[in-house]
Amino acid sequence: MKSFFSKGLLIALAALLVLPAAYASDPVGRVNVGVTDDSGAVLPGVQVVVSSPATGLERTAFTNSDGEVRFVQLPVGEYDVQAQLEGFQTWESTTRVVLGQTSNVSAQMAVGAVEDVLEVVDTVPLLDTTSTTSGLTVSTSELTERVPIVREATAVALLAPATTEGDRAFDGSTPGQSLTAVGGSSVAENTYIVNGLNITNFRNGLGANNVPFEMVQEIQVKTGGFPAEFGWATGGVVNVVTKSGTNEFHGGVNAFHEPEDLAEQSPDTPGGAINSEEERTVTSANVFLGGPIYRDRAFFFGLYEYRDRENDGISGGQ
């Protein structure tokens, strides 16, 4: 009888000052803004401001001679985009910054007073044509609402193209953790990153430290064409961004139970495991809360996870 029991307390407290340096090491995305007038002519010298209502982060820049401006190192999330130029109506829109991708925003400004505001609703493109990286980027909240999936980060990697479940002969570093083979590589050739920190099991390359699924905000699976900054991986990269506090308090409580009685057993195999005698029961519960410490400046996010896993396996041989 093998029993695995753990209680985990993960607390992330960070003074996130609204300075570029504060986000230098965080997983980020980019926003490209192109500005034209009603006739389609480019507009240089336009003041463009991108701001995050959730954290108070704000960046300001001016379009170049091609009417374009680029904002880099933006933490993932929703952003307001505003363009202003004397003699033209103020243009406003919203866009979403996705992990490792570029959000392209096209602003068309109409002649008029600056006080007049033209608001445009923007959407995130389904395909990022500015990147050669192949793979998948998903929001965990949207994914769990639409797809019944194991609540574990590496299991999400199986949704990406060119991936397959690894051989069960390899055991992950964490009980119950699935292993993924990418593009024909072995399960020991992947890299796992959380908030820019490599958490891969360096001893054997199999899996990584377990991150509670309720703490994950976005998961990016890179299956090919990824840049040199994700070195040491000859298979794929599982890049994870955790949740963080914002200007609004948010939290929740949930629990999950996988009883043995609802599990299907594989047939017994001669000389192998007696599958009909195996038992496996998993119980987990989460309590989490995030919010502001000092609005627009400092935030907190805390999570408490309870896990109880019981495995009972019997092997036989000749």
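Position 1 is the first residue of the sequence, and the numbers go up from there. Basis for what follows: all heavy atoms, side chains included, without hydrogens, waters or symmetry-related copies. Quick caveat, the model's predicted, so the values are computed rather than measured.
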With sequence neighbours excluded, residues passing salt bridge (Lys or Arg N to Asp or Glu O under 4.0 Å) with Glu248: none

Summary of salt bridge (Lys or Arg N to Asp or Glu O under 4.0 Å) pairs that have at least one residue in residues 284-293, sequence neighbours excluded: none

Point-to-point distance, once rounded to the nearest 0.5 Å, from CG of Leu136 to CD1 of Ile219: 9.0 Å

Path from Val156 to Leu158 over hydrophobic side-chain contacts below 4.5 Å: no

Nearest-0.5 Å distance, CG of residue Asn198 to CD1 of residue Ile193: 5.5 Å

Test log, rule side-chain contact (heavy atoms from CB on, under 4.5 Å), inputs Thr94 and Val81: CA-CA 6 Å; Thr94 58; Val81 182; over 6 Å; no

Closest approach of Ala208 to Thr200 (non-hydrogen atoms, all atoms of both residues): CB-CA, 4.0 Å

Donor + acceptor pair across side chains of Thr234, Glu189 (<3.5 Å): yes

Cluster companions of Leu99 among Ile, Leu, Val, Met, Phe, Trp, Tyr (side-chain spacing under 4.5 Å): Val76, Val241

Tyr294 atom OH, over 12 foreign heavy atoms within 6.0 Å: no

With sequence neighbours excluded, residues passing side chain to side chain donor-acceptor pair (under 3.5 Å) with Ser284: none

pair Leu159-Ile149: side-chain heavy atoms closer than 4.5 Å: yes

Partners meeting side chain to side chain contact (heavy atoms under 4.5 Å, CB included) with Ala54 (sequence neighbours left out): Ser52, Thr246

Tyr192 with Leu197, same ILVMFWY side-chain cluster at under 4.5 Å: yes

Partners passing side chain to side chain contact (heavy atoms under 4.5 Å, CB included) against Val72 (at least two apart in sequence or in another chain): Arg30, Arg70

Non-hydrogen side-chain atoms of Tyr304 and Phe288 separated by less than 4.5 Å: no

Heavy-atom check, side chain of Leu74 versus side chain of Arg59, under 4.5 Å: yes

Val182 and Asn190, any side-chain heavy atoms less than 4.5 Å apart: yes

Evaluation steps, side-chain hydrogen bond (donor to acceptor under 3.5 Å, both in side chains), between Gln101 and Thr137: CA-CA 9 Å; Gln101 295 187 14; Thr137 302; 3.2 Å; yes

For Pro292 against Phe299, the heavy-atom pair lying closest together: CA-CD2, 4.0 Å

N/O donor-acceptor pair under 3.5 Å between Thr140 side chain and Val216 backbone: yes

Trace of the side-chain contact (heavy atoms from CB on, under 4.5 Å) decision for Leu179 with Glu165: CA-CA 6 Å; Leu179 296 175; Glu165 187 174 3; over 6 Å; no

Side chains of Asp38 and Gln108 in contact at under 4.5 Å (non-hydrogen atoms): yes

Residues forming a side chain to side chain contact (heavy atoms under 4.5 Å, CB included) with Ala255, sequence neighbours excluded: Ala285

Side chain to side chain donor-acceptor pair (under 3.5 Å) partners of Ser139, counting only residues at least two apart: Ser141

Summary of salt bridge (Lys or Arg N to Asp or Glu O under 4.0 Å) pairs that have at least one residue in residues 193-219, sequence neighbours excluded: Arg96-Glu218, Arg151-Glu214

Minimum heavy-atom distance between Met109 and Trp91, given as atom pair plus value: CG-CB, 4.2 Å

Sequence-distant partners of Asn247, side chain to side chain donor-acceptor pair (under 3.5 Å), two or more places apart: Asp296

Partner set under side chain to side chain contact (heavy atoms under 4.5 Å, CB included) for Pro259, not counting sequence neighbours: His257, Leu262

Reported NE2-to-CG distance for the pair His250 and Leu289, which is rounded to 0.5 angstrom: 7.5 Å

side-chain hydrogen bond (donor to acceptor under 3.5 Å, both in side chains) between Asn195 and Thr242, intermediate numbers included: CA-CA 7 Å; Asn195 293 342; Thr242 61; 2.7 Å; yes

Which residues share a side chain to side chain donor-acceptor pair (under 3.5 Å) with Ser65, sequence neighbours left out: none

Within-4.5 Å side-chain heavy-atom neighbours: Phe71 and Val48: yes

Minimal non-hydrogen separation, Ile199 against Val194, with atom names: CD1-CG2, 3.3 Å

Test item: Thr63 side-chain N/O and Val69 main-chain N/O as donor-acceptor pair under 3.5 Å: no

Leu206 side chain reached by Val187 side chain, heavy atoms, under 4.5 Å: yes

Leu57 vs Ser51 side-chain heavy atoms within contact, under 4.5 Å: no

Minimal non-hydrogen separation, Gly135 against Pro161, with atom names: O-CD, 4.1 Å

Minimal non-hydrogen separation, Val238 against Ala157, with atom names: CG2-CB, 4.1 Å

